[in-house]
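Let me begin by presenting the structure, written as structure tokens, before commenting on it.
Nothing here was measured: the structure is a model prediction, and the numbers come from that model.
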Amino acid sequence: MTEKNTNPLSVVILAAGQGTRMRSQLPKVLHEVAGKPLLAHVIGTATRLGAEAIHVVYGHGGAAVQTALAGLHVNWVEQSEQLGTGHAVAQAIPHIPGSHRVLILYGDVPLIGQETLERLVTSAGNSVVSLLTAEVDDPDGYGRILLNVDGNVSGIVEQKDASKQQLAIREINTGMLSAPAAKLDSWLKRLSNDNAQGEYYLTDVIAMAAAEGVAVHSVRADNEEEILGVNDRSQLAYLERCYQANVAHKLMSDGVTLRDPKRIDVRGDIQVGTDIVIDINVVFEGRVVLGSNVHIGANCVLRDVVVGEGTVILPNCVVENSEIGDDCQIGPFTRIRPDSILQAGVKLGNFVETKKTSIGRGSKINHLSYIGDATVGNGVNVGAGCITCNYDGANKYQTVIGDGAFIGSDCQLVAPVKIGERAYVGAGSTITKDAPPEQLSVSRSKQIVIKGWKPPKKAKN
């Protein structure tokens, strides 16, 4: 029977490794999976466990790590010399009350699951040790788990020390464990570095626990991917695809059609309705909300966006920090820059760019236009090649276009300027003064024809 957990939980995350095989000046734990540092993934999972405290043991590049993750509520513990995993945990133990349970995690194992860790901590209770293990097809390089007749862990044998029979064991050590803080402190103080590497191994506490008659439970991870660490770029890329595969599976379970589940990237949080269709090579960053019946074409990037129901985003669009209403049509090749708000039924066509602009219901900007720092009313039509000239080199100004206005092709609206309701602006006009409602405003040079004009000719050599 599993002992009920009553003691507070403290988490220790080991993040001091240099990561030389990454071939990078960036500390290993700051390399990213799904747009977030490896260490941030682990801290996030630990936080959801309800830990009273999270202690991060840092070493190489410690200042950079702390700066990058400054907003997270953790206790930073320095390991000035990297003398092994046991030595790393020993740096954090003085910060943990003896009555706590301790959970030890690794900053370069980003996919470890919350449910798996909950089972690990529950199995340990307040007085025993639980070791997270995994059964793998290829255990090469891993320490093998040795069990006693009661099914508890009696020790861990490293591959180089294993017998032929032990090498056939497929249950391996992940390094993650949960133990009572007071007992763990006692075992850490007795660790020896009398080994080939001259390091203090955390795994040695398992044999100490067994020798003292403390039960060591084996808790198996749900899948192999969640216990994998990152040591080089290839492993980083592999875990990226594992993460994205999990997200794709979740999206499809929630009613999203993915044209190719292997070609989607979610680098943040995504909230979805039903009957959404997402084509290939779409990237979601930050917080994205998609209403029901949204269709997103190939090669789009959406960053911190809310998209209303029934909206279609055609291929090759970039949308960031904006809100799109219901039943809009965007693209192809549209760029919606930050602080744009589109009401229902808006159409933005190919090579249209907006920035800090509110566009009213049913308005259309179909071709090759830039509308920035503007308020566009309902039912407005903006022709091809139109520009709001919002910047004078020092300051930016507003353009206001009233309901039902019609802006002809190739117009420049020089802000600050107002176009009245149902006003017409003739094609090719440069508007520098307010255009009155329900009137036609035109600003053009008079067309002339030069009779007898002949085109220039190239000089003969």
> Can you check side-chain contact (heavy atoms from CB on, under 4.5 Å) on Val42 and Val11, steps first, answer last?
Replying inline: CA-CA 10 Å; Val42 184; Val11 177; over 6 Å; no
>> A side-chain contact here means heavy atoms from C-beta on lying under 4.5 Å apart; do Ile431 and Ser441 qualify?
In response: yes
> Backbone N or O of Ile156 within a donor-acceptor pair of the Thr203 side chain at under 3.5 Å?
Replying inline: no
> Does one side chain, of Glu353 or Ser369, offer a donor that lies under 3.5 Å from an acceptor on the other?
Replying inline: no
> Hey, is the main chain of Thr430 close enough, under 3.5 Å, to the side chain of Ser443 for a donor-acceptor pair?
Replying inline: yes
>> Assess the residue pair Thr116 and Asp222 against the criterion (side-chain hydrogen bond (donor to acceptor under 3.5 Å, both in side chains)); give the C-alpha distance rounded to whole Å, side-chain angles, the decisive distance to 0.1 Å, and a yes or no.
In response: CA-CA 7 Å; Thr116 297; Asp222 289 333; 3.3 Å; yes
> Do any N or O atoms from the side chain of Glu32 and from the backbone of Pro37 form a donor-acceptor pair under 3.5 angstrom?
Replying inline: no
> Only one of Ile401, Ile407, Val382 forms a side chain to side chain contact (heavy atoms under 4.5 Å, CB included) with Val425, so which one is it?
Replying inline: Ile407
> Has the side chain of Asp326 got a donor or acceptor atom that lies under 3.5 Å from a matching backbone atom of Glu309?
Replying inline: yes
> So, the side chain of Thr257 versus the backbone of Val277: is there a donor-acceptor pair under 3.5 Å, distance only?
Replying inline: no
>> Among Lys356, Lys396, Lys355, exactly one meets side-chain hydrogen bond (donor to acceptor under 3.5 Å, both in side chains) together with Asp373. Which residue is that?
In response: Lys355
> Side chains of Val352 and Asn366: does their closest heavy-atom pair fall under 4.5 Å?
Replying inline: no
> Between Val12 and Leu103, is any pair of side-chain heavy atoms under 4.5 Å apart?
Replying inline: no
> Does Lys250 NZ have over 12 foreign heavy atoms under 6.0 Å away?
Replying inline: no
>> Assess, by modelled atom type and distance only, whether the side chains of Asn7 and Ser99 contain a donor and an acceptor separated by less than 3.5 Å.
In response: no
>> Would Asp137 and Arg170 count as a salt bridge (charged side-chain N to carboxylate O under 4.0 Å, His left out) here? Give the steps.
In response: CA-CA 7 Å; Asp137 293 332; Arg170 293 169 51 205; 3.2 Å; yes
>> Using 0.5 Å steps for rounding, measure from the CG atom of Asn381 to the OG atom of Ser363.
In response: 8.5 Å
> Taking the side chain from Thr388 and the backbone from Gly372, do they hold a donor-acceptor pair closer than 3.5 Å?
Replying inline: yes
> Checking side-chain contact (heavy atoms from CB on, under 4.5 Å) for the pair Val128/His217: CA distance, chi angles, key distance, verdict?
Replying inline: CA-CA 8 Å; Val128 304; His217 296 167; 3.9 Å; yes
>> Any side-chain to backbone donor/acceptor pair from Arg144 onto Tyr142? Under 3.5 Å, distance only.
In response: yes
> Considering residues at least two apart in sequence or located in another chain, which fulfil the side chain to side chain contact (heavy atoms under 4.5 Å, CB included) criterion with Gln79?
Replying inline: Ala16, Val57, Gln82, His87, Ala88, Gln91
>> Would the distance check show the side chain of Gln159 and the main-chain N or O of Gly141 forming a donor-acceptor pair, the cut-off being under 3.5 Å?
In response: yes
> Would Thr133 and Ser218 count as having a side-chain donor-acceptor pair, cut-off 3.5 Å?
Replying inline: yes
> Between Val153 and Leu147, is a side-chain contact (heavy atoms from CB on, under 4.5 Å) present by the stated rule, with each step listed?
Replying inline: CA-CA 4 Å; Val153 179; Leu147 302 178; 3.9 Å; yes
> Closest approach of Leu202 and Thr85, non-hydrogen atoms and distance?
Replying inline: N-OG1, 3.0 Å
>> Please check this pair: side chain of Ser429 against backbone of Val442, looking for a donor-acceptor N/O pair closer than 3.5 Å.
In response: no
> What closest approach, in Å, do Met176 and Leu105 show between heavy atoms, and which atom pair accounts for it?
Replying inline: SD-CD2, 3.8 Å
> With a 4.5 Å limit on heavy-atom distance, are the side chains of Ile330 and Leu314 in contact?
Replying inline: no
> When you measure from the side chain of Asp403 to the backbone N and O of Glu421, does any donor-acceptor pair fall under 3.5 Å?
Replying inline: no
> Which is it for Asn293 and Ile276 under the side-chain contact (heavy atoms from CB on, under 4.5 Å) test, yes or no, and what are the steps along the way?
Replying inline: CA-CA 5 Å; Asn293 298 298; Ile276 293 169; over 6 Å; no
>> Using every non-hydrogen atom in the two residues, find where Thr174 and Ala134 come nearest and quote the distance to one decimal.
In response: CG2-N, 4.2 Å
> Looking at Asp327 and Arg361, does any basic side-chain N land under 4.0 Å from a carboxylate oxygen?
Replying inline: no
>> Would you call the rings of Trp76 and Tyr58 parallel, tilted or perpendicular, taking 30° and 60° as the class edges?
In response: perpendicular
> Is the closest side-chain heavy-atom distance between Asn75 and His95 below 4.5 Å?
Replying inline: yes
> Looking at side-chain heavy atoms only, is the closest gap between Val219 and Leu131 below 4.5 Å?
Replying inline: no
> Which atoms form the tightest heavy-atom contact between His31 and Ser24, and what is the distance?
Replying inline: NE2-OG, 3.2 Å
> Should Glu171 and Arg220 count as an ion pair when the cut-off is N to O under 4.0 Å?
Replying inline: yes
> Checking salt bridge (charged side-chain N to carboxylate O under 4.0 Å, His left out) for the pair Asp232/Lys28: CA distance, chi angles, key distance, verdict?
Replying inline: CA-CA 9 Å; Asp232 56 37; Lys28 180 172 68 170; over 6 Å; no
>> Side chains of Ile13 and Tyr106, heavy atoms from C-beta outward: is any pair under 4.5 Å?
In response: no
>> Can a side-chain donor-acceptor contact be found between Thr357 and Ser340 if the only test is distance below 3.5 angstrom?
In response: no
> Looking at Glu320 and Arg335, does any basic side-chain N land under 4.0 Å from a carboxylate oxygen?
Replying inline: yes
> How many angstroms lie between atom CD1 of Ile93 and atom NE2 of His55, to the nearest 0.5 angstrom?
Replying inline: 8.5 Å
> Of all heavy-atom pairs between Thr399 and Ala415, which one has the smallest distance, and what is that distance?
Replying inline: OG1-CB, 3.5 Å
> Where is the tightest heavy-atom contact between Ala34 and Gln244, given as atom of each residue plus distance?
Replying inline: CB-NE2, 3.8 Å
> Just checking, is any N or O donor in the side chain of Gln398 or Asn390 under 3.5 Å from an acceptor N or O on the other one?
Replying inline: no
> Do Asp304 and Val288 touch side chain to side chain, with heavy atoms closer than 4.5 Å?
Replying inline: no
>> Distance alone, cut at 3.5 Å: any donor-acceptor contact between the side chains of Thr45 and Arg48?
In response: yes
